[in-house]
Colleague: 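Below is the structure I would like to discuss, written out as structure tokens.
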Amino acid sequence: MTDDEFTVWRAHSVEDYAGAIGPARGLDPATALETASQEFEQLLPAGRRTENQWVWLAQHEDEPVGTLWISTHRPIPFVYLLEVLPEQRGKGYGRSIMLAGEDECRSRGYEHLALNVFGDNAAAISLYDSLGYVVVTQEMRKAL
């Protein structure tokens, strides 16, 4: 991913993440956007060159199809973000991107890869289930 691609990716990803955490955390849109931006800044202070953070642009035949962000800051690498571009969904790219990320982690000596997924993201849950990911913790909430 080039610097320009990273800038576009970060802006888009912060907005998408804000849209997910707002309802999940009970935040208004402005607060969700501010929170998402702060979290990205904390995790990627040096942008795409941040140590222990891998941000990749996935391509098929020189056309972008998605992105993957894996952090190796902790002993078990963690997928912060997998995205397949809307016009590329349903073609198997999500699976291919995840498998490539797994291969990269394995080649660097890691034995596990972790991630979180929002409970209402049925497509992602289905993908991760089919790839062999298992639930190790579960957070539940009830509106009062």
Colleague: Listing request: all ring pair (Phe, Tyr, Trp, His ring centres under 6.0 Å) pairs with a residue in residues 68-92, at least two apart in sequence or in separate chains.
Modeller: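 For residues 68-92: Trp9-Trp69, Phe40-Trp69, Trp69-Tyr80, Phe78-Tyr80.
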Colleague: Of all residues at least two apart in sequence or in a different chain, which pass the salt bridge (charged side-chain N to carboxylate O under 4.0 Å, His left out) check with Glu39?
Modeller: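 Salt bridge (charged side-chain N to carboxylate O under 4.0 Å, His left out) check on Glu39 returns Arg25.
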Colleague: Might you point out which heavy atoms bring Ile125 and Gly119 nearest each other, and give the distance in Å?
Modeller: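 Closest heavy-atom pair between Ile125 and Gly119: CD1-O, 3.6 Å.
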Colleague: Remaining members of Val135's ILVMFWY cluster at a side-chain heavy-atom cut-off under 4.5 Å?
Modeller: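 Hydrophobic cluster check, Val135: no partners found.
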Colleague: Is there side-chain contact between Pro45 and Glu51, with heavy atoms separated by less than 4.5 Å?
Modeller: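 A side-chain contact under 4.5 Å is absent here.
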Colleague: Decide yes or no for Asp16 and Glu83: does some side-chain heavy atom of the first lie under 4.5 Å from some side-chain heavy atom of the second?
Modeller: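 Of all side-chain heavy-atom pairs linking Glu83 with Asp16, at least one is under 4.5 Å.
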Colleague: Can you name the side-chain hydrogen bond (donor to acceptor under 3.5 Å, both in side chains) partners of Ser107, sequence neighbours left out?
Modeller: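 Partners of Ser107 under the side-chain hydrogen bond (donor to acceptor under 3.5 Å, both in side chains) test: none.
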Colleague: Would you call Asp3 and Arg49 a side-chain contact if the rule is heavy atoms closer than 4.5 Å?
Modeller: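 Yes, at least one pair of side-chain atoms sits under 4.5 Å.
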Colleague: Of the non-hydrogen atoms in Ile97 and Gly66, which two are nearest, and what is the gap between them?
Modeller: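 Minimum heavy-atom separation between Ile97 and Gly66: CD1-CA, 4.0 Å.
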Colleague: Pair Thr50, Leu43 - check side-chain contact (heavy atoms from CB on, under 4.5 Å), show working.
Modeller: CA-CA 8 Å; Thr50 302; Leu43 293 166; over 6 Å; no
Colleague: For Glu34, which residues count as a salt bridge (charged side-chain N to carboxylate O under 4.0 Å, His left out) partner, sequence neighbours excluded?
Modeller: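 Per chain and number, Glu34 pairs via salt bridge (charged side-chain N to carboxylate O under 4.0 Å, His left out) with no residue.
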Colleague: Considering residues at least two apart in sequence or located in another chain, which fulfil the salt bridge (charged side-chain N to carboxylate O under 4.0 Å, His left out) criterion with Asp103?
Modeller: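 Counting only residues at least two positions away or on another chain, Asp103 forms a salt bridge (charged side-chain N to carboxylate O under 4.0 Å, His left out) with Arg106.
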Colleague: Check side-chain hydrogen bond (donor to acceptor under 3.5 Å, both in side chains) between Glu41 and all other residues, then give those that pass, not counting sequence neighbours.
Modeller: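 For Glu41 there are no side-chain hydrogen bond (donor to acceptor under 3.5 Å, both in side chains) partners, ignoring immediate neighbours.
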Colleague: Does any non-hydrogen side-chain atom of Glu5 lie less than 4.5 Å from one of Thr67?
Modeller: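 With C-beta onward as the side chain, the pair stays apart.
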Colleague: State which residues pass ring-ring contact (aromatic ring centres under 6.0 Å, His included) with Tyr128; sequence neighbours excluded, sorted by chain then number.
Modeller: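 Partners of Tyr128 under the ring-ring contact (aromatic ring centres under 6.0 Å, His included) test: Tyr133.
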Colleague: Counting only heavy atoms from other residues, nucleotides and ligands, does the tally under 6.0 Å from CZ of Arg108 exceed 12?
Modeller: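 Yes, CZ of Arg108 has more than 12 neighbouring heavy atoms, counting only those of other groups under 6.0 Å.
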Colleague: Scan for side chain to side chain donor-acceptor pair (under 3.5 Å) pairs involving residues 89-99, sequence neighbours excluded, and state none if there are none.
Modeller: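 Residue pairs with at least one partner in residues 89-99: Gln88-Lys91, Arg95-Ser130.
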Colleague: If you take all heavy atoms of Pro23 and Ala20, which pair is closest and at what distance?
Modeller: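 Of all heavy-atom pairs spanning Pro23 and Ala20, the closest is CD-O, 3.6 Å.
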Colleague: So, using side-chain hydrogen bond (donor to acceptor under 3.5 Å, both in side chains) as the criterion, who are the partners of Ser126 when residues are at least two apart?
Modeller: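 Ser126: no side-chain hydrogen bond (donor to acceptor under 3.5 Å, both in side chains) contacts found.
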Colleague: Starting from Met140 and following side-chain heavy-atom contacts under 4.5 Å between hydrophobic residues (I, L, V, M, F, W, Y), which residues can be reached?
Modeller: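 Cluster partners of Met140: none, it stands alone.
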Colleague: Which residues pass the side chain to side chain contact (heavy atoms under 4.5 Å, CB included) test with Asp120, not counting sequence neighbours?
Modeller: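 Residues passing side chain to side chain contact (heavy atoms under 4.5 Å, CB included) with Asp120: Phe118.
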Colleague: Can Leu115 and Met98 be said to form a side-chain contact (heavy atoms from CB on, under 4.5 Å), step by step?
Modeller: CA-CA 11 Å; Leu115 55 85; Met98 282 299 296; 3.9 Å; yes
Colleague: What's the shortest heavy-atom distance between Val14 and Ala36, and which atoms?
Modeller: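 Closest approach of Val14 to Ala36, heavy atoms only: O-CB, 3.6 Å.
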Colleague: I'd like to check Leu127 versus Leu82 (side-chain heavy atoms, cut-off strictly below 4.5 Å). Are they in contact?
Modeller: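 Answer yes - side chains close enough.
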